[in-house]
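Side chains are part of it too, since the values below use all heavy atoms of this structure and drop only hydrogens, waters and symmetry mates. The structure presented is a predicted model; accordingly, all values stated were derived computationally and were not measured.
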Amino acid sequence: MKSISLMSALASIASLSAATPTPTEQQQPNKRADLPAVTVSGNAFWKGKERFYIRGIDYQPGGSSGMTDPLADIDVCKRDVAEFKKLGVNTIRVYMVDNSKKHDECMKLLADAGIYVVIDANSPLYSLNRFDPHQSYNDKYLQSVFATIDAFADYDNTLAFFSGNEVINDVVNSTLAAKYVKATTRDMRQYIGNRGYRKIPVGYSAADVSQNRMQLANYMNCGTDDERSDFFAFNDYSWCSSNFEDAGWDQKVKNFTGYGLPIFLSEYGCITNTRDFGEIEALMSDKMTGVYSGGLMYEYALEENGYGIAKLGPGSKVEEKPEFANFAKAMSKYPAPTGDGGFSKTTKAAACPTKDSNWLVDSTKLPAMPEGAKKFMKDGAGPGPGLKGEGSQQAQGTSTGDAEPGSGSSTSTASPSSSESDSAAGTRGIGPVDKAPFVVTGLAMLFTFTGALLL
């Protein structure tokens with residue numbers, strides 16, 4: 001009887017192993033190209049174990065009022081990536097993206113060219129109003145911001161997100177918007193963690209305003225860890241000579257020494273001089289690399305403001321201006337330095353600035369996340385409104401109080417990047433596994449053991 005039972009069991013195993021196999025599904029294109037994700041450590045960016053310097057250009061064809069997403073138009077993308085390769089840049093900044101569209105093709109073209117992307121999470125319709133920040137900081141606004149994160153988080157060449165651009169300017173009352181910018185930064189970092197994305201850096205791009213630059217920088221780096229930015233960037237058009245000291249850059253290096261976070265220039269490139277881009281020589285020298293991590297030259301596309309170095313269109317046509325060759329020459333002449341550049345290994349919080357005539361923020365507390373936005377942390381943001389939505393600045397669902405320090409911490413651990421963990425990249429999106437071979441192997445081992453006991 002025992003022999004018959006054993007044979008029956010083995011027959012069952014054979015039947016299981018002969019079951020109809022799971023149909024092979026066509027593999028979908030992988031969003032992420034073979035380009036290591038950039039991370040933050042100390043006051044620097046890193047590509048694996050190699051120090052990463054931002055050597056890039058600002059990219060907004062059509063200008064700030066164009067309301068177009070250049071990463072969603074593959075023909076535009078092909079045209080401009082070819083030009084970026086000529087320049088030798090490793091990063092572009094995109095001021096406006098459509099979070100309702102796909103970007104796989106363009107992001108892969110950029111990755112194949114070794115180019116990373118810094119994404120502005122706001123758009124003209126979905127952004128903070130510097131003079132009415134409380135009303136404009138609402139759940140509808142955050143839904144759009146979070147949807148932009150969803151649209152770009154899976155690309156390893158998404159270098160970072162900007163939580164705001166020049167919201168605080170030289171009008172003193174605009175400094176009151178700082179706590180809402182900082183709250184948005186906190187919310188974005190928490191969303192990235194709660195949704196299980198890799199730790200994509202989030203920071204702010206500040207205007208070229210000397211009267212509040214250091215106060216704003218310190219404010220974005222003070223408080224509990226959940227309230228601090230991952231980096232700080234600012235625009236700087238002071239290099240209107242060919243001299244490091246005359247431009248005042250030596251003093252800025254001193255001011256930011258020991259700051260504790262990576263900093264870089266989100267815009268540079270004075271046009272009142274002959275644009276030979278001597279800034280690149282300084283940025284890549286040991287005068288600056290211990291404190292700065294490079295910068296983005298403003299800008300690629302020639303618009304009415306006269307800063308662009310390439311006149312675009314119609315169609316695939318590109319007219320390279322003389323400054324195009326000058327920028328490419330400077331990029332080639334002054335490569336990124338080797339080694340760690342004298343970076344600081346440790347990061348630390350700054351002291352929060354006190355209220356004065358140039359800085360009107362009188363509290364370290366931040367507004368609590370709007371109640372209606374909290375569901376996004378668990379359920380996701382859902383489809384983005386794109387660039388043609390109804391807007392959010394006058395929407396309801398605003399913040400109803402102050403947040404407790406530490407309340408913006410992520411409730412789950414962000415996944416490592418593909419460069420940090422090959423296994424993480426390999427298992428994302430894996431399909432159902434046929435368990436029959438594992439069952440067969442286990443049962444066969446069991447009956448082998450049983451048979452040995454019966455002998």
Side-chain angles (χ1 to χ4, degrees), residues 35 53-97 103 105-120 157 159 205 208 235-242 247 264-284 294-336:
L35 193 67
Y53 296 93
I54 293 173
R55 294 165 53 82
I57 196 164
D58 294 311
Y59 182 44
Q60 55 172 352
S64 59
S65 60
M67 294 295 286
T68 58
D69 176 0
L71 304 185
D73 187 325
I74 190 59
D75 293 327
V76 167
C77 185
K78 288 178 179 178
R79 177 195 68 192
D80 295 335
V81 169
E83 298 298 310
F84 297 153
K85 291 164 73 173
K86 293 179 185 179
L87 292 171
V89 298
N90 66 7
T91 307
I92 60 170
R93 174 190 181 177
V94 183
Y95 291 78
M96 195 183 311
V97 294
H103 301 86
E105 289 183 278
C106 188
M107 289 298 287
K108 186 178 187 305
L109 279 177
L110 288 161
D112 290 344
I115 297 172
Y116 293 85
V117 185
V118 179
I119 300 289
D120 281 71
N157 59 326
L159 194 159
S205 171
D208 187 4
N235 304 338
D236 191 335
Y237 292 94
S238 61
W239 190 291
C240 295
S241 67
S242 59
F264 64 93
L265 299 183
S266 42
E267 295 178 7
Y268 72 83
C270 178
I271 60 172
T272 62
N273 61 342
T274 301
R275 300 185 89 188
D276 59 4
F277 302 103
E279 297 100 322
I280 299 173
E281 178 182 10
L283 286 167
M284 296 298 109
L296 297 152
M297 192 277 288
Y298 188 85
E299 65 179 321
Y300 169 67
L302 182 63
E303 307 295 342
E304 290 183 5
N305 60 21
Y307 281 85
I309 61 173
K311 185 176 180 180
L312 306 181
S316 61
K317 183 179 179 182
V318 177
E319 179 187 342
E320 298 170 0
K321 310 304 287 185
E323 294 85 355
F324 186 101
N326 292 348
F327 184 66
K329 181 179 179 180
M331 289 288 287
S332 176
K333 186 176 181 180
Y334 304 111

Exercise for review: With side chain to side chain contact (heavy atoms under 4.5 Å, CB included) as the test, would you mind laying out the steps for M297 and I309 before giving the verdict?
Suggested key: CA-CA 10 Å; M297 192 277 288; I309 61 173; 3.8 Å; yes
Review point. Rounded to the nearest 0.5 Å, what separation is found between the CG atom of N235 and the CG atom of D58?
Key: 7.5 Å
Exercise for review: Report the distance from atom NZ of K85 to atom CG of L109, rounding to the nearest 0.5 Å.
Suggested key: 8.5 Å
Review point. How far apart are the closest heavy atoms of C270 and W239, and which atoms are they?
Key: CB-O, 3.3 Å
Point to revise | Nearest non-hydrogen partners of C240 and T272, listed with the distance | key: SG-OG1, 3.5 Å
Check your understanding: Do we see a donor-acceptor contact under 3.5 Å between the side chains of T274 and D276?
Key -> no
Study note, to complete from the structure: CD (E267) and CD1 (I57) are apart, to the nearest 0.5 Å, by 11.5 Å
Exercise for review: Please report the C-alpha distance between R79 and D75 in whole Å, then the side-chain angles of each, then the deciding distance to 0.1 Å, and finally whether the salt bridge (charged side-chain N to carboxylate O under 4.0 Å, His left out) criterion is met.
Suggested key: CA-CA 6 Å; R79 177 195 68 192; D75 293 327; over 6 Å; no
Practice item. Assess whether atom CD of E303 is packed by more than 12 heavy atoms of other residues, nucleotides or ligands within 6.0 Å. Key: yes
Only distances under 3.5 Å count here; give the side-chain donor-acceptor pairs of residues 314-322 to other protein atoms, sequence neighbours excluded, each with its distance to 0.1 Å.
residue	atom	partner	partner atom	Å
E319	OE2	K321	NZ	3.3
E320	OE2	K86	NZ	2.9

**Study point:** Short side-chain donor-acceptor distance under 3.5 Å, Y307 and E323
**Key:** no
Exercise for review: Kindly compute the distance separating NZ (K333) from CD1 (I280), expressed to the nearest 0.5 Å.
Suggested key: 11.0 Å
Revision key, fill the gap. What one should report as the nearest heavy-atom pair of G295 and Y268 is C-CE2, 3.7 Å
**Study point:** Flag side-chain contact, heavy atom, 4.5 Å: V76 against T68
**Key:** no
Exercise for review: State, to 0.1 Å, how close P61 and A301 come at their nearest heavy-atom pair, and which atoms those are.
Suggested key: CA-CB, 3.8 Å
Point to revise | Distance in Å, M107 CE paired with I115 CD1, rounded so as to fall on 0.5 Å steps | key: 10.5 Å
Study note, to complete from the structure: Distance col, row D73:CG vs K78:NZ, nearest 0.5 angstrom, shows 10.5 Å
**Study point:** Partner set under ring pair (Phe, Tyr, Trp, His ring centres under 6.0 Å) for F84, not counting sequence neighbours
**Key:** Y59, Y300
Review point. Taking all non-hydrogen atoms of both residues, which atom of Y298 and which atom of Q60 are closest, and how far apart?
Key: OH-NE2, 3.1 Å
Check your understanding: Any cation-pi pair here, R93 with Y95, using under 6.0 Å and within 45°?
Key -> yes
Point to revise | Partner of Y116 under side-chain contact (heavy atoms from CB on, under 4.5 Å), chosen from I92, L159, I54, L110 | key: L159
Exercise for review: Give a yes or no on whether the backbone of N326 and the side-chain of R275 come within a donor-acceptor separation of less than 3.5 Å.
Suggested key: no
